Structures are given as structure tokens and as C-alpha cells.
Amino acid sequence: MDNNVRRSMPLFSMGIVQKLTGLTARQIRYYEENELIHPERTAGNRRVFSFNDVDRLLDIKSLLDEGVNLAGIRRVLSEKPVEANRPVEDKKAMSEADLMKFLKTELVSAGKFGKSSLIQGELSRFFK
DNA sequence: ATTCTAACA
DNA sequence: TGTTAGCA
């Protein structure tokens with residue numbers, strides 16, 4: 001279960017999440033306002049997303065492509081537990097290089113579990 | 001350089 | 001949703 005710790009560990013900066021999800025900062029912040037995601041905040045008020053957050057964001061993105069509105073998305077995601085992210089100190093966001101390494105291991109474990117095909121589908125493009 | 005909030009020619 | 005202003 002050590003993976004849950006990692007997945008709830010806040011380490012993604014806004015910029016990284018934008019690249020990872022293809023969503024705009026505006027959208028990401030808007031979804032947070034609607035409590036679709038609950039990223040942590042650094043001492044400087046910067047958002048720090050966990051892998052769980054990115055996962056939900058990708059879910060939201062796919063639902064958006066399917067033409068589901070915010071209310072609908074809320075319904076779908078409300079059925080999913082909202083594990084709170086772990087508190088984060090003042091640490092700077094993980095470097096992109098280390099981040100990619102982490103994502104790679106995530107993709108491997110995800111495949112190992114046959115889980116979240118979404119993650120593989122959406123993020124695999126970063127490893128081609 | 002990056003992200004944040006608030007607001008709208 | 002985009003975009004921009006003014007901060008931190």
C-alpha cells in the first residue's frame with residue numbers, strides 16, 4: 001500500500017499538470033473551485049498536485065470530450081473517494097527529469113495492476 | 001520565469 | 001473559457 005502514499009504525495013506544479021493533462025491553467029483552477037480536485041498549497045500559495053489529482057483531471061478531461069457538463073462530471077467523480085493529499089512543506093516541485101522517472105514507474109505499476117488505462121493512454125505520449 | 005487572484009473591450 | 005493586470 002506504499003503506492004497510495006506516493007499517489008497522494010503533492011509534487012506536481014501547475015505547469016507540469018498542464019502538460020500532463022493538456023488542460024489550461026484556467027480550467028484546472030476552475031475545476032478546483034468546483035471541488036472536483038483538491039490540490040495542496042505551498043507556503044507561497046502555489047498549488048501542488050498529487051498523482052491522484054492528475055488522475056482525476058484526466059478523468060475530467062475525458063468526460064469533457066464526451067460532452068459531459070460540470071454537473072455530470074461532479075456526479076461521476078462524487079462516486080469516487082476524495083483521499084486528502086498529504087500536507088506539503090516548502091519543498092520545491094520535483095524537477096521535470098525526476099518527475100518523468102516517477103511517472104514512468106507509475107505507468108509500469110499501473111500496467112502491472114491492469115489499472116487506470118487512462119493514465120497509460122494519456123501519459124504514455126511523454127515516453128515515446 | 002512561474003503561478004496566483006480577480007475581473008471583463 | 002480566454003486573457004490580462006498586478007502581485008508574490
Side-chain angles (χ1 to χ4, degrees):
Chain A
M1 288 294 164
D2 199 355
N3 266 313
N4 287 311
V5 176
R6 301 184 116 190
R7 296 182 70 76
S8 60
M9 185 190 298
L11 32 64
F12 303 103
S13 67
M14 173 55 84
I16 297 298
V17 175
Q18 287 187 64
K19 293 179 182 177
L20 255 33
T21 65
L23 296 169
T24 65
R26 180 77 169 82
Q27 289 177 295
I28 297 172
R29 294 177 185 128
Y30 181 64
Y31 302 147
E32 179 187 22
E33 284 185 62
N34 284 277
E35 301 186 279
L36 265 35
I37 54 175
H38 304 90
E40 275 297 320
R41 291 301 183 112
T42 64
N45 198 41
R46 267 62 214 286
R47 264 167 276 249
V48 190
F49 308 79
S50 68
F51 209 95
N52 282 327
D53 292 322
V54 175
D55 207 337
R56 289 177 78 81
L57 248 11
L58 291 175
D59 284 345
I60 293 172
K61 187 188 179 187
S62 60
L63 288 171
L64 247 33
D65 292 332
E66 291 170 35
V68 182
N69 57 49
L70 264 275
I73 294 176
R74 258 187 227 113
R75 273 190 18 246
V76 178
L77 296 185
S78 65
E79 295 169 16
K80 299 214 164 197
V82 185
E83 322 91 56
N85 291 329
R86 297 210 148 32
V88 59
E89 298 76 56
D90 47 89
K91 298 174 184 175
K92 273 95 182 177
M94 188 179 274
S95 73
E96 264 196 72
D98 291 328
L99 177 58
M100 289 316 205
K101 272 197 257 179
F102 179 65
L103 289 180
K104 196 158 190 173
T105 63
E106 271 298 326
L107 289 180
V108 174
S109 57
K112 206 170 184 178
F113 287 66
K115 193 191 173 186
S116 189
S117 58
L118 248 181
I119 293 179
Q120 293 199 61
E122 297 292 334
L123 302 183
S124 61
R125 63 191 167 101
F126 291 101
F127 304 102
K128 292 173 182 174

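Every chain is numbered from 1 and lettered A, B, ... according to where its sequence line falls, protein lines coming before strand lines. This is a predicted model, so every value here is computed, not measured.
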Margin query: Under 4.0 Å, heavy atoms only, any strand: does A/L64 hit a base, just the sugar-phosphate, or nothing?
Written below: sugar-phosphate
Kindly say if [X] contacts the phosphate of [N], meaning a side-chain N or O under 4.0 Å from OP1 or OP2.
| X | N | value |
| --- | --- | --- |
| A/R47 | B/dC4 | yes |
| A/T24 | C/dG2 | yes |
| A/Y30 | C/dT3 | no |

Notebook entry, point to check: Side chains of A/S50 and A/D53: do they bring a donor and an acceptor to under 3.5 Å?
Noted result: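 Side-chain D/A pair, A/S50 to A/D53: present.
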Notebook entry, point to check: Side chain of A/Q27: nearest nucleotide among B/dC4, B/dT3, C/dT1?
Noted result: C/dT1
Next item on the list: Tell me which nucleotide among C/dG2, B/dT5, B/dT2 gets nearest to the side chain of A/R29.
Entry: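 My answer, after comparing the listed nucleotides, is B/dT5.
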Starting from [atom2] on [N], measure out to [atom1] on [X] and report it in whole angstrom.
| X | N | atom1 | atom2 | value |
| --- | --- | --- | --- | --- |
| A/Y31 | C/dT1 | OH | P | 4 Å |
| A/E40 | B/dT3 | CD | P | 18 Å |
| A/N45 | B/dT2 | CG | P | 19 Å |
| A/K19 | B/dT3 | NZ | C1' | 14 Å |
| A/E32 | B/dC4 | CD | P | 8 Å |
| A/E33 | B/dC4 | CD | P | 12 Å |
| A/I28 | B/dT2 | CD1 | P | 15 Å |
| A/Q18 | C/dT1 | CD | P | 14 Å |

Check: Backbone N or O of A/Y30 within a donor-acceptor pair of the A/N34 side chain at under 3.5 Å?
Finding: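 At least one qualifying donor-acceptor pair exists.
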Notebook entry, point to check: Does C/dT1 have a Watson-Crick or wobble mate here (both distances under 3.5 Å), and if so which one?
Noted result: none
Next item on the list: Please give the nucleotide sitting opposite C/dA8 as a Watson-Crick or G-U wobble pair, both distances under 3.5 Å, or none.
Entry: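 B/dT2 - that is the nucleotide pairing with C/dA8, both distances being under 3.5 Å.
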Checklist line | Evaluation steps, side chain to side chain contact (heavy atoms under 4.5 Å, CB included), between A/K61 and A/Q27 | finding: CA-CA 10 Å; A/K61 187 188 179 187; A/Q27 289 177 295; over 6 Å; no
Next item on the list: Let me know, please, whether A/G44 or A/R26 comes out on the 5' side of the other along DNA chain B by nearest nucleotide.
Entry: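 This one resolves to A/G44.
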Note to self: With side chain to side chain contact (heavy atoms under 4.5 Å, CB included) as the criterion, how do A/L70 and A/L36 come out once you've worked through the C-alpha distance, each side chain's angles and the decisive distance to 0.1 Å?
What the structure shows: CA-CA 9 Å; A/L70 264 275; A/L36 265 35; 3.8 Å; yes
Next item on the list: Tell me which of A/L70 and A/R46 sits closer to the 5' end of DNA chain C, going by the nucleotide each one is nearest to.
Entry: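 Result: A/L70.
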Next item on the list: May I have the step-by-step check of side chain to side chain contact (heavy atoms under 4.5 Å, CB included) for A/F12 and A/R47, ending in yes or no?
Entry: CA-CA 8 Å; A/F12 303 103; A/R47 264 167 276 249; over 6 Å; no
